[in-house]
Amino acid sequence: PEQREALQVILRNSEALTELVADILSIMEVSASKTTLTSVSMLEVVQDSLANFQFAARQSGVVLVPEIQSGNGPFQITARPDHLRRIMDNLLSNAIKFTPTDGQVNVRLWQDTGRVFVEVSDSGIGIPAEYQDRVFERFFQVDGTRQRRFGGTGLGLALVKELVESYGGRVSAASS
């Protein structure tokens, strides 16, 4: 049992390091990449991410609720598909992580005047007003103590911002 517990700690820490390295590489890639962009359906990206996170949400006792305004698509964006998936995955991961059991994460997708909008909202713990403008900073975490309840590197939302802005988009956070 002691060895099993030690191995679980090692596994969790190695997964955290792998996530950190992947986030750092993604951030470096954003500024350096000049790759070919393609037309991507944001509807497909959102649906794929929702499907991928269904199990994690169920395990946490969180309900994922898609709110897709059909009929005003096609929700096409010119981008790299892997970047769009990373954006959605980071937003959903964060929302699920900070939403308590029996909570809800809503994902809204709509299009207006040629722009595609995605909104992820949750019934989670919220963000204090004094930190709302900092959540997209690299390595920033509202609870930066060593004993913090939630894991993570503080790079997920920074990566979201850098990716979104690299395509001329905007990202913001609001919390009551």
Side-chain angles (χ1 to χ4, degrees), residues 12 15-16 18-20 22-23 26-27 30 40-70 72-73 75 77 79 81-112 115-167 169-176:
R12 276 194 309 272
E15 288 171 349
T18 300
E19 180 183 331
L20 175 63
D23 284 345
S26 293
I27 286 174
V30 170
V40 182
S41 166
M42 199 60 202
L43 175 61
E44 289 178 21
V45 171
V46 168
Q47 289 174 330
D48 288 349
S49 288
L50 285 167
N52 290 340
F53 277 89
Q54 280 297 339
F55 179 76
R58 265 194 310 275
Q59 290 292 102
S60 297
V62 173
V63 177
L64 293 179
V65 180
E67 299 175 23
I68 298 168
Q69 293 185 2
S70 59
N72 72 353
F75 307 111
I77 295 178
D82 59 318
H83 284 174
L84 296 177
R85 284 188 194 94
R86 188 68 179 235
I87 290 166
M88 283 307 305
D89 288 354
N90 284 350
L91 291 173
L92 283 173
S93 174
N94 246 40
I96 292 168
K97 180 183 355 180
F98 292 104
T99 300
T101 301
D102 296 326
Q104 183 171 306
V105 172
N106 294 46
V107 179
R108 224 176 128 218
L109 174 66
W110 74 98
Q111 185 167 326
D112 188 28
R115 297 190 70 143
V116 174
F117 297 86
V118 177
E119 179 182 274
V120 177
S121 60
D122 61 66
S123 59
I125 61 175
I127 304 166
E130 65 269 21
Y131 296 124
Q132 288 181 28
D133 60 341
R134 298 196 57 208
V135 295
F136 295 104
E137 292 178 14
R138 290 181 185 179
F139 302 107
F140 178 78
Q141 295 181 326
V142 171
D143 180 3
T145 64
R146 291 181 64 81
Q147 294 81 23
R148 69 182 187 266
R149 189 169 141 211
F150 303 100
T153 61
L155 284 174
L157 292 180
L159 178 59
V160 165
K161 180 179 183 195
E162 291 186 34
L163 285 170
V164 167
E165 289 179 352
S166 76
Y167 292 108
R170 290 185 334 200
V171 63
S172 62
S175 178
S176 56

> Determine the sole option in Leu43, Leu50, Val46 for which the side-chain contact (heavy atoms from CB on, under 4.5 Å) test with Pro66 is passed.
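With Pro66 as partner, side-chain contact (heavy atoms from CB on, under 4.5 Å) holds for just one option, Leu50.
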> Please enumerate all residues that pass side-chain contact (heavy atoms from CB on, under 4.5 Å) together with Val164, with sequence neighbours excluded.
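Here the qualifying residues are Ile87, Val160, Val171.
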> Between the side chain of Gln104 and the main-chain N/O of Ser123, is any donor-acceptor distance below 3.5 Å?
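A pair under 3.5 Å: no.
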> Could you work out, with side-chain contact (heavy atoms from CB on, under 4.5 Å) as the rule, every residue matching Asp133, not counting sequence neighbours?
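Scan of Asp133 (side-chain contact (heavy atoms from CB on, under 4.5 Å), adjacent residues dropped) gives none.
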> Which of these, Leu163, Val120, Leu159, sits in a side-chain contact (heavy atoms from CB on, under 4.5 Å) with Asn90?
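Testing each of Leu163, Val120, Leu159 against Asn90, the sole residue satisfying side-chain contact (heavy atoms from CB on, under 4.5 Å) is Leu159.
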> Distance from Glu162 atom CD to Arg86 atom CZ, nearest 0.5 Å?
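Taking CD in Glu162 and CZ in Arg86, the distance rounds to 12.0 Å.
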> Please evaluate residues Leu64 and Asn106 with respect to the criterion side chain to side chain contact (heavy atoms under 4.5 Å, CB included), reporting the C-alpha separation (whole Å), side-chain torsions for both, the decisive distance (0.1 Å), and the verdict.
CA-CA 6 Å; Leu64 293 179; Asn106 294 46; over 6 Å; no
> How many angstroms lie between CD in Gln59 and OG1 in Thr101, if you round to the nearest 0.5 Å?
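Rounded to the nearest 0.5 Å, the CD-OG1 separation comes out at 11.0 Å.
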> Testing the basics here: between Val40 and Ala79, what is the closest heavy-atom pair and its distance to 0.1 Å?
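Closest approach of Val40 to Ala79, heavy atoms only: CG2-O, 3.6 Å.
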> Atom CE of Met42 and atom OG of Ser49: how far apart are they, to the nearest 0.5 Å?
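Going from the CE atom of Met42 to the OG atom of Ser49 covers 7.5 Å.
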> Quick check: do Met88 and Val107 have side-chain heavy atoms less than 4.5 Å from each other?
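Heavy-atom side-chain distance check passes, below 4.5 Å.
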> Tell me, do Gln69 and Arg108 make a side-chain contact under 4.5 Å, heavy atoms counted?
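Answer yes - side chains close enough.
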> Taking only residues two or more places apart in sequence, or in another chain, which ones meet Ser175 in a side-chain contact (heavy atoms from CB on, under 4.5 Å)?
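Only Ile127, Gln132 meet the side-chain contact (heavy atoms from CB on, under 4.5 Å) criterion with Ser175.
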> Indicate the atoms forming the closest heavy-atom contact of Val62 with Thr99, along with that distance.
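Taking every non-hydrogen atom into account, CG2-O, 3.7 Å.
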> When you look at CD of Glu44, are more than 12 heavy atoms from neighbouring residues, nucleotides or ligands closer to it than 6.0 Å?
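No.
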> Rounded to the nearest 0.5 Å, what's the gap from CD on Gln54 to CG on Leu92? Could you check?
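Gln54 CD to Leu92 CG: 9.5 Å, rounded to 0.5 Å.
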> Any side-chain heavy-atom pair from Ile96 and Phe53 closer than 4.5 angstrom?
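Heavy-atom side-chain distance check passes, below 4.5 Å.
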> Please examine the side chains of Glu119 and Trp110, heavy atoms only from C-beta on, and report whether any two atoms are closer than 4.5 Å.
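SC-SC contact between Trp110 and Glu119 confirmed.
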